Amino acid sequence: MAAAAEPGARTWPGSGSPRLGSPAGSPVLGISGRTRPGSGPERTSRAIGSAAPGHSFRKVTLTKPTFCHLCSDFIWGLAGFLCDVCNFMSHEKCLKQVKTPCTSIAPSLVRVPVAHCFGSLGLYKRKFCVVCRKSLEVPAFRCEVCELHVHPDCVPFACSDCRQCHQDGQQDYDTYHHHWREGNLPSGARCEVCRKTCGSSDVLAGVRCEWCGVQAHSVCSTALAPECTFGRLRSMVLPPSCVRLLSRNFSKMHCFRIPETMVLELGDGDDGVDGSAAIGTGREVLTATESTKQTLKIFDGNDSMRKNQFRLVTVSRLARNEEVMEAALRAYYISEDPKDFQLQALPLSGNAQALGKAGTTEEEASKGSCPRDSVPEAWVIRSLPRTQEILKIYPGWLKVGVAYVSIRVNSQSTARSVVQEVLPLFGQQVEDKERFQLIEVLMSSRQVQRTVLADEEPLLDRLRDIRQTSVRQVSQTRFYVAETRATAPRVSLFVGGLPPGLSPQDYSNLLHEAMATKAAVVSVSHVYSLQGAVILDVTCFAEAERLYMLARDTAVHGRPLTALVLPDVLHTKLPPDCCPLLVFVNPKSGGLKGRELLCSFRKLLNPHQVFELTNGGPLPGFHLFSQVPSFRVLVCGGDGTVGWVLAALEETRRHLACPEPSVAILPLGTGNDLGRVLRWGAGYSGEDPFSVLVSVDEADAVLMDRWTILLDAHEIDSPENNVVETEPPKIVQMNNYCGIGIDAELSLDFHQAREEEPGKFTSRFHNKGVYVRVGLQKISHSRSLHKEIRLQVEQQEVELPSIEGLIFINIPSWGSGADLWGSDNDSRFEKPRIDDGLLEVVGVTGVVHMGQVQGGLRSGIRIAQGSYFRVTLLKATPVQVDGEPWVQAPGHMIISATAPKVHMLRKAKQKPRKAGAIRDTRVDTLPAPEGNPL
């Protein structure tokens, strides 16, 4: 037996801690139909040794321009060094400095296994697959939480090395190391150590920390401290050590509230098409048939045969059988000895041909090579029976002097005997060894599964069963020794879409009727009656999963329910200088920009602090941050989205430990008047999301008035029996402006056009074009609004001039940036401010007047200024508040200030950059905190 020290030989990249990023590598024998960039088929027969873990470099002849994957420089001459298992290409001078591990051993170097969250297929220009190191020229997957890009066929070979964004009760760290990810850096990226370019658009080169954003050459990164301090955004990031989520039965997509998309199960039911190579396979097979080579289908076990997922391997027709075996193992990134495996022909039968232990059949053992015309096309890799194996056992607790210990297991070894053998090697001199158990962990790229093994489980039989299912799966399986703990399960479920205004007991009864909740394990912990939402505490994992899945398909009173899994924020563990940013993104705003921003912010921050507004609204985010003593809010959307979030903040303010968080805006709408006033711009135009977050961190806090509009009860004559009905009062919150008359009528026409064809309204340019069209249709319209309404300001009647529209403005921007009030001084009124507690009342005479205001040729007709207004509508009149229009029946409108004022963030003025001060602001320049790395 042997023990491996935790900074061992296999570290990434030599910094004293096992690597967290995913290495690259792919089979080289015709697996995907994509050619290896920059190399020809010629190889020498001499293997070149390498200090890099797992690589098997060979000297190859180059037939096209090729770049080194270590230094990213051009390889001059006709010779390079290529790994047989992965596609890592290197100069001869760079071989000894290669730190990137090969894919065949990558799972053994993952510090803490964390599954990825792959979204839908997409096209990603100038990106490279981190597994096969080839360009993403076809639709590929991208992790929604980290910067991992991968081809669909490479997904099974990607490491489960996503960011650890919360504590899950398994291995919880208080100190975090850099989470290195190789390649896909901007072409102008600068190394933090040598300040030279480390990015490349030609190959997968350079490394970047997923948390702090520091970028470096893989060699230079060894000079950096291993601890990560979260970089420039450290005060805005919700620390992973302060978030707890027991997610045993929930996928990562559920935990991060990412909508699940339909993902193609590659290879299912498609005979003759490789799960890895839907493009170019037929041409490759045809070429191989006509040449001296042959293409074979290789399965790695029962699971791949059941799903019809195979890899294509191209070999010479005169290849020795041991060469075929080596090629088949390389296709599945298996680094074990080929003599321990055999290839069996499909379909399997009693007289099935098998390539044996040494790679040859008994009949052909005396032949150096044989023609392969009669060899079956499909083969499955099988492991030969073993009487003993070397097994790595990992500790399930922290601060252990070794990463794992290696022990020998045989047919007599059981889970209990292994636990008793390894505990002394981990320094656990305990008398009660029954308190420990052996846990099997399957580290697939999509899900990490943990299984507690029974004490009498024979480990040799267990390994044999795993290899029978999938030979590759053994390299993705770990065994941990952990102390048996009675973990008290607790899952918080947000359930929205319920009828508002009910009591906690009514909500409990309603949920019991709709979903048959179990009172013994389900309780209502929080009630948000105004929004019709509750928070359920569930003390059973199985019941939590059942309720979550059932709620998504349940409707109450005709409204579908919304269910979200929420973590717990450990607010007492937050650093003193931490002021995390709560991000709300409306993906429907700004065309596709909202969706891209959502993904970018998940990667720059902790994904638990980023919320999609179309999935539950703002309430789940405010509930999650309810105990955080200080936080800020970023709203990505139009003015209507900002109003939605501010209204939710007003309703939940009494539940918050920080009742007055400051709110910043990233404008994605059409008008974006509030964003203009607060200097966030006329609209998002593709700025770097990191720069946006830095601007939020540097923004100045300002106060802004908010106003309440009460639509008073009024009488409606019923046509039946002359009965008089009364409509209930309606309350609306206003932030920007309220329009009555022609302004609201144009907004209403635009709103109706968007409702009829929502797919066409995906850009600000098109939206403004529709506004112009509906305005031209109303250019000759006249309704003499001044005769249909009455206005009182501070309880005094105000005579209205001849106007077609009456507008109450709170900010100096209206209709996409127009100054409706004007800049001229007027002794009758005070100079308007957004926090003066006053509204300005302006009139417009028609569409032509509105166009002149938009063009800066005129201003509106100043009518009044005050803090309390009463408007009497004598006829049904169009009304709009912050861009939301409707037709208001005759009655009264009362406008008054809402207390308290809301805290907003105004973007700081840009300071002139000094000459020569060019530096990547993402880099954390502060020294790493003292302390030993975990």
Side-chain angles (χ1 to χ4, degrees), residues 115 117-120 144 166 168-169 243-263 265 446-451 487-568 587 607-608 610-624 626 648 652:
C117 295
F118 293 115
S120 56
E144 298 288 327
H166 59 261
D168 60 0
V243 184
R244 181 179 58 199
L245 177 59
L246 303 180
S247 55
R248 190 182 71 177
N249 289 10
F250 295 98
S251 70
K252 289 283 293 295
M253 307 292 279
H254 297 159
C255 296
F256 296 133
R257 305 168 302 278
I258 300 174
E260 295 182 88
T261 54
M262 295 300 294
V263 178
E265 285 293 338
R446 294 184 183 273
Q447 189 172 9
V448 175
Q449 298 176 340
R450 292 176 172 85
T451 305
T487 304
R490 180 180 175 275
V491 180
S492 295
L493 286 181
F494 169 88
V495 180
L498 297 168
L502 303 183
S503 66
Q505 186 60 44
D506 291 337
Y507 281 123
S508 181
N509 296 337
L510 188 62
L511 290 174
H512 179 72
E513 295 175 3
M515 299 188 294
T517 56
K518 300 177 181 179
V521 295
V522 181
S523 61
V524 178
S525 62
H526 295 79
V527 174
Y528 296 95
S529 181
L530 292 176
Q531 295 89 351
V534 298
I535 306 296
L536 300 180
D537 272 353
V538 189
T539 57
C540 173
F541 286 124
E543 177 67 4
E545 182 183 24
R546 186 187 72 84
L547 291 178
Y548 176 81
M549 302 305 293
L550 183 60
R552 300 165 66 186
D553 299 324
T554 302
V556 174
H557 295 178
R559 294 180 58 190
L561 298 183
T562 300
L564 299 175
V565 181
L566 296 182
D568 294 324
H608 286 298
V610 181
F611 286 79
E612 184 177 347
L613 286 173
T614 56
N615 191 17
L619 182 57
F622 285 125
H623 173 78
L624 180 64
S626 60
T652 58

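All of these numbers come straight from a predicted model, not from anything done at the bench.
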> Do any N or O atoms from the side chain of T562 and from the backbone of G497 form a donor-acceptor pair under 3.5 angstrom?
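Flag not set: sc T562 to bb G497 has no pair under 3.5 Å.
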> Please work out whether the ring planes of H623 and Y528 are parallel, tilted or perpendicular, with thresholds of 30° and 60°.
perpendicular
> Between L510 and P499, is there a side-chain heavy-atom distance shorter than 4.5 Å?
yes
> Using atom types as modelled and distance alone, determine if a side-chain donor or acceptor of R257 lies under 3.5 Å from a backbone N or O of L566.
no
> List the atom of P500, the atom of L530, and the distance in Å for their closest heavy-atom pair.
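Heavy atoms of P500 and L530 come nearest at CB-O, 3.6 Å.
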> Taking C-beta and beyond as the side chain, do D537 and V522 meet within less than 4.5 Å on heavy atoms?
no
> To the closest 0.5 Å, what do you measure between OG1 (T517) and CD (E543)?
7.5 Å
> So is R446 actually on top of F118's ring, under 6.0 Å and inside 45° of the axis?
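Ring-cation test returns no.
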> When rounded to the nearest 0.5 angstrom, what distance separates CG in L561 from CE in M515?
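The CE atom of M515 is 6.0 Å from CG of L561, to the nearest 0.5 Å.
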> Taking all non-hydrogen atoms of both residues into account, name the closest pair between C117 and K252 and its distance.
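Answer, listing the atom of C117 first, then K252: SG-CB, 3.0 Å.
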> What is the distance from atom CG of L246 to atom NE2 of H166, rounded to the nearest 0.5 Å?
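Going from CG on L246 over to NE2 on H166, the span is 8.5 Å.
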> State, to 0.1 Å, how close Q531 and L619 come at their nearest heavy-atom pair, and which atoms those are.
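The pair with the smallest heavy-atom distance is CB-CD2, 3.8 Å.
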> Taking the side chain as everything from C-beta on, heavy atoms only, tell me whether L493 gets closer than 4.5 Å to V565.
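Yes - at least one pair of side-chain heavy atoms lies under 4.5 Å apart.
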> Of all heavy-atom pairs between H608 and C255, which one has the smallest distance, and what is that distance?
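Taking H608 first and C255 second, the nearest heavy atoms are CE1-O, 3.7 Å.
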> Please name the pair of heavy atoms, one in R546 and one in A516, separated by the smallest distance, quoted to 0.1 Å.
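Of all heavy-atom pairs spanning R546 and A516, the closest is NH2-O, 3.0 Å.
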> Does atom CZ of R490 have more than 12 heavy-atom neighbours from other groups under 6.0 Å away?
yes
> Between CZ of R552 and CG of L564, what distance do you get to the nearest 0.5 Å?
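Reported to 0.5 Å precision, the distance equals 9.5 Å.
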> Are Y548 and V491 close enough that some pair of their side-chain heavy atoms sits under 4.5 Å apart?
no
> Please round to the nearest 0.5 Å and tell me the distance separating atom CD of E545 and atom NE2 of H254.
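E545 CD to H254 NE2: 8.5 Å, rounded to 0.5 Å.
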> Please name the pair of heavy atoms, one in A533 and one in F494, separated by the smallest distance, quoted to 0.1 Å.
CB-CE1, 3.6 Å
> Would V495 and Y507 satisfy side-chain contact (heavy atoms from CB on, under 4.5 Å), going step by step from the backbone distance to the final call?
CA-CA 10 Å; V495 180; Y507 281 123; over 6 Å; no
> Quick one, E144 and P607 - any side-chain contact, counting heavy atoms below 4.5 Å?
no
> Assess the side chains of E513 and N509: does a donor N or O sit below 3.5 Å from an acceptor N or O?
no
> What distance do L245 atom CG and F256 atom CZ have between them, rounded to the nearest 0.5 Å?
8.0 Å
